[in-house]
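Scope of the values below: all heavy atoms of this structure, side chains included, with no hydrogens, waters or symmetry mates. Order of the sequence lines sets the chain letters (A, B, ...), proteins ahead of strands, with each chain counted from 1. Predicted model only: the values in this text are computed from it and were never measured.
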Amino acid sequence: MGYRLHVNGQVHTVEVPGEMPLLWVLRESLGLVGTKFGCGQALCGACTVHVDGVAQRSCSVPVSTIGDAKITTIEHIGETPIGARLQQAWLEIDVMQCGYCQAGQVMNAASLLAATPKPTREEIRDAMAGNICRCACYNRIETAIRMAAGIDPAGEAHDGGKSHAT
Amino acid sequence: MRPDRRTFLKASLLAGGGLALEAFVGAPARAAAASNAASGGQAAAASAVLTAFVSIAPDGRVTIVAKNPEIGQGVKTSLPMIIADELDCDWDAVRIVQADADLARYGVQVAGGSTSTPNNWLPLRQTGAAARAMLLQAAAQHWSVPVAELSTAKSRIMHATSGRSCGYGDVANAAAQLAPPAPGSVPLKKPEEFTIIGRPVAGFDGPRVLRGEPLFGIDTRLPGMLYAAYEVAPAHGGRLVQADIAAAKAAPGVRHVVPIKGDGNADTGLADGVAIVATHWWLANQARRKLVAEWDVSAAKGHSTERYRARAQAALDAGGGQELRREGDPDAALAAAAKRVAARYDYPFLAHGTLEPQNCTALFKDGRIEIWAPSQTPARGRELVQKMLGLPALDAVTVHVTRAGGGFGRRLLNDYMLQAAAIAHALPGTPIQLIWSREDDIRRDYYRPAGWHGFEAALDAKGRLTAFTDHFVTFGEGTRVTRAGDLTLTMPPADLIPNVRFSQTAMPTVLTTGWLRAPGSNALCFASQSFLDEVALAAGKDLPALMLELVGEARVIAPPGGRGAPFDTVRARSVIEKVLQASHWAAQAPARVAGAPARAKGFAFYFCHQGYFAEVVEASVAGTEVTVHKVWVAGDVGRHIVNPFGAENQVRGAIIDGLAQALMGQSIEVVDGAVQQSNFHDFRLARMPITPEIEIAWVRSDHPPTGLGEPALPPVIPALTNAIFAATGRRIRSLPVRLG
Ligand code: FES
Ligand code: FES
């Protein structure tokens, strides 16, 4: 089946089965390898892209459901003011270790800041909870988001990390 | 670096002009050949290993080869920083190139064991300093002035008296004609003269990662490449009996279905499987459901978590075991004790969960194979591939080292490389990329082995620890223990008290096991430091007081048999005191607020990978909810933190990693050899909301720098469980922490 996709301001036509997730179309049909495969089950966020400006897990979006929606990937996010600010903050405090999750982190953060320009610490933590960083760069990811949002990175008191030991 | 190994330099004219300087490290037996090479001979590359390569082009561009794999630990940036500082060059002019795997040329290229920094510190500094000396000499000759009148800064050479200056590139050609100095003869910078070492430098690949450029193994693209999924037995140790591949072959996008007979070596060998090769990986993976394969999994029968647990407890009940180490007379000390403390501890199998799943790209053509792999031991993989395919020479195998999306020890084993090579070998001329699904990755890991400990301690009438025994139950056959399943015989308090016994019982497992970040220590520290917290309490003190008492007077304790790193009690004491101070340990716990959850601090100390770390966790517990308020870390990895950016990232990552092992329910369980977990919903990793505030303090003892990838992790787990005990009175003797 042929699908017309709007990706990063360009139109592409791909011949793939409609159930194929967008992730694989991006990586293996269009050669946009910046979007990463981590789990294939919407559990890690490595594959996050924007569909009409909203963060989506591309591993779980069948290509047939996209229609005319505009897809933005990490390769293009630097063209947006929020994306550029995030990339700059990321580099300024050297957020990454292995870097594998970072495309997904930046895409998710960009979607957060587009909806909530000045998020609280709680809002950042909630919004980013679906993005795993196996290297655990979480302190710096949080700080970089605050920097990109123009919030004093040290401003709000840290009230600890929470988990359920069950 | 071992003192009997020396560095030799070889200079040459760069193709296209400029100075190329190579540093070889070789044992004395190889010295003759290497030193010939230093004066222009050719033999060095074959007999000593290339440790550093730096070149200066006529346009001033500096190129440094990063020889060790980059897995997120930052060596691709931090090791070149060491050369660049002694070279006194402009960091912005530095380009870093990743070396291919080549054992003969580079020696071991490994990312593991926190070894990169300690092994390379001196040779890299000497190489940078020698290159600078050659550039200075060339400039001095050109201007006919004494070298001593010249100075350098940021890739420029200055002659203050005459006001002349030039760039490094201007004299690079002339420098290439000079004989390199003996590395030991070139003066090195004084620490206060460092301009790059110790400064936070952003990772070299960062901008490319953030633009989504291809860097990782999984990003490799070759013309005509197809994607492969590899179906293996549902249980560890299973063998393929037969496969009906017709339906899978007819699935959309599928080009080839290839049953592959492994070599029967379930550990480092090639596993039996069926490769499905398609235009897209997703299509290959989907087609796995259409395979009708029959597997013989009889070897895995009875290999279940429950059985392992029961056998371990029975072994502890029975006592005895193989004695691994004995000092003094522990039995007499226990018999004479004023107080005895005994407890059992255990921890589960763990997976690594690198975020980039295992993958490898390979092309077999004309009797040669070319491989692109995110491997922590690429040269080892290269040898295994040559053997497996029966290729006549190592030269027939090329391994390109890609950036790896995490390592944590998983990629020290090259099983996926062998699979990709076998598939490519079956399809000559077609490049294939093998990708594991996350389910493959969780089910076919080299797991951190589970373990059980039966501890006993004796206290005398004055509350001093006089004996410590550990009966350790692990996996293996007889006295041969499974990979990463061995007991560290220097585990404190061994070597700090007179009477010690370590004994061991091993039982067989079909699971493949391996090294996970801070191998051994990540588990042993939890068990031993939690138990010592119990012992301290029984002695009427707290764990830091007990540890300080055990560490005792200033001395350096040699490891038994001379193997391993010596233990410096001054360094241990310093980190313990530092963390107590930073965390206000001595301050009275705040009065309990009615209705508020119980809140308390816990402490632990450990020494591994040559690093000394003491950590304090402040946590509160409400029902099953654990809040980690803050973690204080004091570490001593020598006088210099090469790159504070990377170093702090490593420490934070290690701390959060350890907390996740304890608090996210991480446990790999097995039923008849089949792993029950499959993805991040049932093998949970740390997420942002569990992240506490982390405060790091360095103790800068006057020692050469050592690695940071691992030693910060172990203490955080017992510091947490000791905090949970202090808050609630519940002693956590089994990981993961379960409060439900
Ligand atoms: S790959 Fe899509 S969420 Fe993990
Ligand atoms: S930087 Fe490695 S997974 Fe996030």
For chain B, which candidate among [options] shows the most heavy-atom pairs at distances under 4.5 Å?
options: A/R121, A/E122, A/E142; answer: A/E142
options: A/G40, A/G160, A/C44, A/G34; answer: A/G160
options: A/G130, A/G31, A/P21; answer: A/P21
options: A/G83, A/C59, A/S29; answer: A/S29
options: A/A136, A/S163, A/A46; answer: A/S163

Using a 4.5 Å heavy-atom cutoff, which residues in residues 85-106 of chain A come close to chain B?
A/Q87, A/W90, A/L91, A/E92, A/I93, A/D94, A/V95, A/M96, A/Q97, A/C98, A/G99, A/Y100, A/C101, A/Q102, A/V106
Below 4.0 angstrom, N of the basic side chain to O of the carboxylate: do [X] and [Y] qualify?
X: B/D205; Y: B/R403; value: yes
X: B/K76; Y: B/E70; value: no
X: B/E695; Y: B/K630; value: yes
X: A/R4; Y: A/D68; value: no

With a 4.5 angstrom heavy-atom cut-off, is it the side chain or the backbone of [X] that approaches chain A, or both, or neither?
X: B/F216; value: side chain
X: B/T354; value: backbone
X: B/I435; value: side chain
X: B/P374; value: neither
X: B/V201; value: backbone
X: B/A404; value: backbone
X: B/Q286; value: neither
X: B/R684; value: side chain
X: B/P736; value: neither

Could you tell me which portion of A/N131 (side chain, backbone, both or neither) has an atom closer than 4.5 angstrom to a non-hydrogen atom of chain B?
backbone
Using non-hydrogen atoms only, which part of A/I77 is less than 4.5 Å away from chain B: side chain, backbone, both, or neither?
neither
A/T72 side, atom OG1; A/Q56 side, atom CD - distance, nearest 0.5 Å
12.0 Å
If I compare all heavy atoms of [X] with all of [Y], which pair ends up nearest, and what's the gap?
X: B/R730; Y: B/L739; value: NH1-O, 3.4 Å
X: B/L215; Y: B/D219; value: N-OD2, 3.2 Å
X: B/L720; Y: B/A662; value: CD2-CB, 3.6 Å

Return the option, out of [options], with the maximum number of heavy-atom pairs under 4.5 Å with chain A.
options: B/M664, B/M225, B/H352; answer: B/H352
options: B/Q650, B/R211, B/R221; answer: B/R221
options: B/V737, B/I656, B/V626; answer: B/V626
options: B/N679, B/T279, B/N649; answer: B/N649
options: B/H280, B/H681, B/E648; answer: B/H280
options: B/P207, B/G623, B/P252, B/A622; answer: B/P207

Verify whether the ring centers belonging to A/F37 and B/W281 lie closer than 6.0 Å.
yes
Do the side-chain N and O atoms of [X] and [Y] include a donor-acceptor pair separated by under 3.5 angstrom?
X: A/N108; Y: A/R57; answer: yes
X: B/Q677; Y: B/D682; answer: no
X: B/R411; Y: B/Q358; answer: yes
X: B/R288; Y: B/N285; answer: yes
X: B/H629; Y: B/S620; answer: yes

Per side-chain contact (heavy atoms from CB on, under 4.5 Å), A/S58 is matched among A/T48, A/L22, A/V51 by A/L22
Report the C-alpha distance between A/N8 and A/T73 in whole Å, list the side-chain angles of each, state the deciding distance to 0.1 Å, and finish with yes or no for side-chain hydrogen bond (donor to acceptor under 3.5 Å, both in side chains).
CA-CA 7 Å; A/N8 297 340; A/T73 70; 2.9 Å; yes
With B/R687, which residues qualify under salt bridge (charged side-chain N to carboxylate O under 4.0 Å, His left out), at least two apart?
none
